[in-house]
Every structure is written in structure tokens, then in C-alpha cells.
Q: 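Next up is a structure, given as C-alpha cells.
Counting from 1, the numbers follow the sequence of the chain as shown. Keep in mind that this is a model prediction, so the values were computed, not measured.
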Amino acid sequence: MSVTVRIMDVHAREILDSRGNPTVEAEVTVIAGEDAFGGPCINGRNMEAAAGNHKERADGGCPAPVGAPYPLSGKIYTGRASVPSGASTGRFEAVELRDKEGRYQGKGVQKAVRNVNTVLREALLGRNALCQEEIDDILIKTDGTDNKEKMGANATLSVSMATARAAAEALHMPLYRYLGGISAKKMPVPMMNILNGGKHADNTVDFQEFMIMPVSAESFAEGLRICAEVYQKLKQLLVKDGLSTGVGDEGGFAPSLKNPEEVLDYIVKAVLAAGYKPGSDIKIALDVAASELYQEDSGMYYFPGETKALHGSRRDALSAADTKEASVLRSTDEMIALYEELCRKYPIVSIEDGLNEDDWDGWKKLTKRLGDKIQLVGDDLFVTNTGRLSAGIRLQTANAVLVKVNQIGTLSEAFAAIEMAHKNGYRAVISHRSGETEDTIIADIAVAVNAGQIKTGAPCRTDRVSKYNQLLRIEEELEGVSVYENPFPEKYGG
């Protein structure tokens, strides 16, 4: 007799994310107890198989048929999960289903909620919540489209994550342990966003994120403290110079600065003011979000903030013809040259989305020029999709994948992308979105897969800080076992 965990209810509701926009929150309720149908199945593998007494189902799935009677002595558990939303989104991401009606300026998610409460609920009732891959496969097949446009990736992901949480609760296991097993112990190095630009802020900074990484710390808690101290010093420097200390979507400061060099100069000053050494204690990471800068018609990258900063108030008075000529535009080769120059001047260890999501030739050139010196992260390029990641690996483009679970729509698919990356020598960076919730699941995922790196914003705003606080709890629980280490060779970002 072994414990089984049956789904007895699935329910979703519309809640608000950190930008005040609606998103989906789901609850999966399970009942756990003993029956005669076999033991728990984690990631498609029945645990009783190890004892030699597991009988596979004819279709190779998890044991116990749908509709099996619930044990009368079972205990009830509920897992809850909410889905983040991006502002800078790749066009190859799974579809975030929005109502496109009057309420919430068309951003309501009542259709996605309804899909959870009807179609997806019906498909999952009675299923074994311990069979995550099978649950996710049902979600994928119930949707039936390549990009989850029918049910909505926000609908499928909410249920996928909530199911994992419910299963972990039923087994009385921390989520990171349930998802990662006994090998889950590596604490991620924060890739902390301390200055926002691009679509994440209303300023003249064109690059989307400027981040710091505390590579010399001996623990996650120490690394977090170092980053928070640098963040506070940066605020003091901005105040001293009369610049805005308002924050962007991810909690980083959002002053108007004229170009990337000016931003990086401030960050280096803040690191030094906090008592740390740029390049040895702290390294820098960038998220350019180049697809947002790319102009399809010209094949060039347009820098609106830099253009405005260059011309000042005269910018508004320029004629249409003059504006085009006066704009700051860069070709693919010029973008690569810019990165090489920035890496020469500053301790940059990672650049995310340095080129457009469709510029495979440009990415190959960028990887050839910088791939053995720094981490090149594909976000819009790969969108947590094994198909696109496989193409990138084959073409030798980038050397890391950014993992955003809502880009693909189920936990199993996200984990497949991470596994593919690791098997092929690519790093995986676990990431939040600019529109976040209080859900802390990415903290558990980062530890579960031993990613070694996490992006979850500034030490500001509860939607960001909640993930850091969860990692502090996990590290405390793993005392004496956890590992925290610099994810890069010494030659990186020196």
C-alpha cells in the first residue's frame, strides 16, 4: 500500500500583478492517502520500481486509473500558484491569453480563468498529482496548439505550478526538494537589477537592465547583503547628483542618463562606495533587450533615449527628415563593437539579448567574438523553448538560456529546456518577469535545478524581495549542505 495524491479540484481566479494588471492564480486541491493502485510517481517514474514491484500501465503512464475511489482516510492539501507577465516579450513566446475587452483596458484574464475552471479542471480531476509530466502533457494536449493560444499559457502554467505545490505539500516536502530531488543544493548567485531602462522604465536609458553579481561572497545571504549595500549606495550617489531615485518595473532605479557608459560609471562608483572591488567582488551583467531596439525596415538598432539625450530639447523641434538623420542608429556589427568596448572598460560578465531574436547570423558572429570571454544569454532568442534552443546549440549561438516559465506554459517544458542546456554545456539562468506576483516558485526552481544564477530584480518591492527571502529560507534549511559559487571562470568579466 502506497500513498497516492489525487486531484479533486482545480480553481482559478483573476488577481493583480505588480503593475496593477490582471493575471491568473490557480489552486489545485488534492487528497492523499493509501490505496491499492501503486506508489507515487515523480516526473513519470514510479518510486516502487526501485523495489522491483512496480507494474507499468499499458500506456507507460503513472499507475491508478482516473476515477479510482479516493481513500476515506485521505488528507486534503492545496497548492496555489500565480503567473507573471512580461513587458518586453519575444514574439515566439507562448500566448498569454487576454480578454481584449473593455475592463482593465482589455488586459483582463477572465477567459483564461474560465478555461481553468472548466476544460482544464475536467481534464485533470482524479489524476495523480505526483505525475507532473503526465499532468503537463494533459494540459498541452487539451490546449492542442503549438503556442497554447487556445487555453492560454497563463492558464496552463498556473495549473502546472499549483499541481507541483499541492504534490509537495501532500508529501510534506519543500518544493525545491520535490522538484529537484536529493541533489538540489546549489544556491543561485543573484543577478540583481539595480538600474532599469528600456520598456521597464520611463527614462532615457535604452538598455533594459543593469545588474550586479556578488561573485566573491561565500553564501547566498552574504551575496544578497552585498548587493543591497551597493543598491543603497547607488541611491545616495543619484540623490547627491540630483537624479531621480524612482524605480522601474523591477525595482531598479530609473534616472535619465545619456548612454550605457554613464550608467556603468555610476554602478562602478556605487560598488566602490560600498567598499567592494569591481571585477573581483562584483561583476556586471546587462540585459539589452535588443529586439525592442531593432527596426525591421532599416535592419538597424535605434536608441531613442540616447538620441534624446544627444539633442536635448532641440530633439522635439527636429523635422521628420532631420530626426531620422539625427537618430542614434547602430548596425549589427556596431552593436557587437559596442559590447566589446563596454567589456573592455567595465567588469561585464554577461550580456542578455544583445541582438534581435531573429538575427541568427548576427548571434553567431557575436558568439564567435565574445562567447569565450563572457556569458551570452538568449531570452527572446530561445524563449525557454527546446526547439529554438536546439537550433541555437546547433548553430553555436549564445552560451546560456534565460528560463521564464511563462514563456513556455508548463513546468515540464521549462525543465526540459534546462536539461537540454546543461547537457550541451549551456548555462541556465532562472528569471522573473517585469510584471510579477508574490509567488516565489522561481526561487525553488533555481535551487531544484542547480542553476547557479537567478534574476529576480532589485532589493525593492515585495514582488521581488519575496523571492530573495525564500532563498534565504532555503539556504538556512540547507545549512551545511548548500553550495554557493562563482558561476564563471576567472577570465570572465575581469
Side-chain angles (χ1 to χ4, degrees), residues 3 5 27-28 30 32 40 42-43 45 47 75-82 84 129-130 132 160-192 213-229 403 405 411-412 414-415 418-419 422 427-432 436-487:
V3 174
V5 179
E27 291 177 348
V28 171
V30 300
I42 297 177
N43 293 331
R45 180 180 180 274
M47 293 168 66
K75 293 184 179 180
I76 294 174
Y77 302 88
T78 297
R80 178 186 295 159
S82 52
L130 298 176
Q132 187 69 43
S160 178
M161 295 192 301
T163 300
R165 269 229 174 84
E169 287 289 321
L171 294 179
H172 304 286
M173 295 176 69
L175 185 57
Y176 70 88
R177 179 68 68 214
Y178 172 73
L179 293 173
I182 61 174
S183 64
K185 62 181 180 180
K186 181 180 283 188
M187 300 303 300
V189 176
M191 194 178 272
M192 185 178 282
M213 299 186 70
V215 294
S216 70
E218 295 185 357
S219 67
F220 173 81
E222 184 185 1
L224 182 62
R225 175 182 59 77
I226 290 170
C227 286
E229 290 172 356
V403 177
V405 287
L411 280 180
S412 295
F415 275 50
I418 296 167
E419 183 178 10
H422 286 167
R427 296 183 183 88
V429 181
I430 310 303
S431 177
H432 62 166
E436 263 296 339
T437 73
E438 304 96 327
D439 198 317
T440 61
I441 194 169
I442 64 168
D444 286 83
I445 291 173
V447 178
V449 301
N450 292 315
Q453 299 176 73
I454 190 169
K455 283 180 61 177
T456 188
C460 170
R461 302 172 48 142
T462 300
D463 44 288
R464 314 295 151 179
V465 174
S466 62
K467 281 74 164 172
Y468 291 126
N469 288 341
Q470 175 66 359
L471 286 165
L472 290 173
R473 297 182 197 106
I474 292 173
E475 185 171 61
E476 184 180 272
E477 189 170 294
L478 290 173
E479 185 177 2
V481 178
S482 65
V483 175
Y484 180 94
E485 59 188 10
N486 181 354

Q: Walk me through it: do K467 and E436 pass the test side chain to side chain contact (heavy atoms under 4.5 Å, CB included)?
A: CA-CA 11 Å; K467 281 74 164 172; E436 263 296 339; 2.9 Å; yes
Q: Please give me the minimum heavy-atom distance between D439 and A81, naming the atom from each residue.
A: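 Taking every non-hydrogen atom into account, OD2-CA, 3.1 Å.
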Q: Once you round to the nearest 0.5 Å, how far does CD of Q470 lie from CG of D444?
A: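 Between atom CD of Q470 and atom CG of D444 there are 4.5 Å.
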Q: What's the shortest heavy-atom distance between K186 and G452, and which atoms?
A: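 Of all heavy-atom pairs spanning K186 and G452, the closest is CD-CA, 3.7 Å.
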Q: For the residue pair A458 and R464, what are the closest heavy atoms and their distance?
A: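 In terms of heavy atoms, the two residues are closest at O-CB, 3.4 Å.
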Q: Determine the minimum heavy-atom distance between Y178 and A167, stating which atoms define it.
A: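 In terms of heavy atoms, the two residues are closest at OH-CB, 3.4 Å.
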Q: Kindly say whether P487 contributes a backbone atom to a donor-acceptor pair with the side chain of Q453 at under 3.5 angstrom?
A: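 No: the side chain of Q453 does not pair with the backbone of P487.
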Q: With a 4.5 Å limit on heavy-atom distance, are the side chains of E476 and F220 in contact?
A: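 Result no, sub-4.5 Å side-chain heavy-atom pair not found.
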Q: Do the charged groups of R177 and E477 touch, with an N to O distance under 4.0 Å?
A: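 Here R177 does not pair with E477 in a salt bridge, since their nearest N and O are not under 4.0 Å apart.
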Q: Starting at NZ of K75, measure out to CD of E169 and round the result to the nearest 0.5 Å.
A: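 Taking NZ in K75 and CD in E169, the distance rounds to 13.0 Å.
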Q: With the side chain counted from C-beta on, respond yes when M192 and Y468 share a heavy-atom pair under 4.5 Å apart, and no when they do not.
A: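 They are in side-chain contact.
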Q: Is L471 close to T456 at the side-chain level, that is, under 4.5 Å between some pair of heavy atoms?
A: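 Sidechains of L471 and T456: no contact.
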Q: Would you say that I474 contacts P174 through its side chain, given a criterion of any heavy-atom pair below 4.5 Å between the two side chains?
A: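 I474 does not reach P174 side chain to side chain.
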Q: Taking the side chain as everything from C-beta on, heavy atoms only, tell me whether L478 gets closer than 4.5 Å to Y176.
A: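 The answer is yes; the side chains approach within 4.5 Å.
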Q: Going by heavy atoms in the side chains, are F415 and L179 under 4.5 Å from each other?
A: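 SC-SC contact between F415 and L179 confirmed.
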Q: Would you check if the side chain of S160 reaches a backbone N or O of L411 as a donor-acceptor pair within less than 3.5 Å?
A: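 Checking the backbone N and O of L411 against the side chain of S160, a donor-acceptor pair under 3.5 Å is found.
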Q: As an exercise, state the distance from CD1 of I445 to CE of M161, rounded to the nearest 0.5 Å.
A: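 It comes to 7.5 Å.
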Q: As an exercise, state the distance from CG of L224 to CD of E229, rounded to the nearest 0.5 Å.
A: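 The CD atom of E229 is 10.0 Å from CG of L224, to the nearest 0.5 Å.
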Q: Report the distance from atom CZ of R473 to atom OG1 of T440, rounding to the nearest 0.5 Å.
A: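 Here the rounded value is 7.0 Å.
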Q: Evaluate the side-chain proximity of T437 to P84: yes if any heavy-atom separation is below 4.5 Å, no if none is.
A: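 Answer no - side chains too far apart.
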Q: How about CD on E222, more than 12 heavy atoms from neighbouring residues, nucleotides or ligands closer than 6.0 Å, or not?
A: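 Atom CD in E222 is packed in, count exceeds 12.
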Q: What closest approach, in Å, do V465 and P459 show between heavy atoms, and which atom pair accounts for it?
A: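 Taking V465 first and P459 second, the nearest heavy atoms are CG2-C, 3.7 Å.
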Q: Do V28 and R165 touch side chain to side chain, with heavy atoms closer than 4.5 Å?
A: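 Heavy-atom side-chain distance check fails, nothing below 4.5 Å.
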Q: Please give me the minimum heavy-atom distance between A162 and G79, naming the atom from each residue.
A: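 Taking A162 first and G79 second, the nearest heavy atoms are CB-O, 3.5 Å.
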Q: Got a donor-acceptor contact below 3.5 angstrom from the N486 side chain to the S216 backbone?
A: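 Answer holds: no.
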Q: Nearest 0.5 angstrom please: E475 CD to S482 OG, how far?
A: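 Rounded to the nearest 0.5 Å, the CD-OG separation comes to 4.5 Å.
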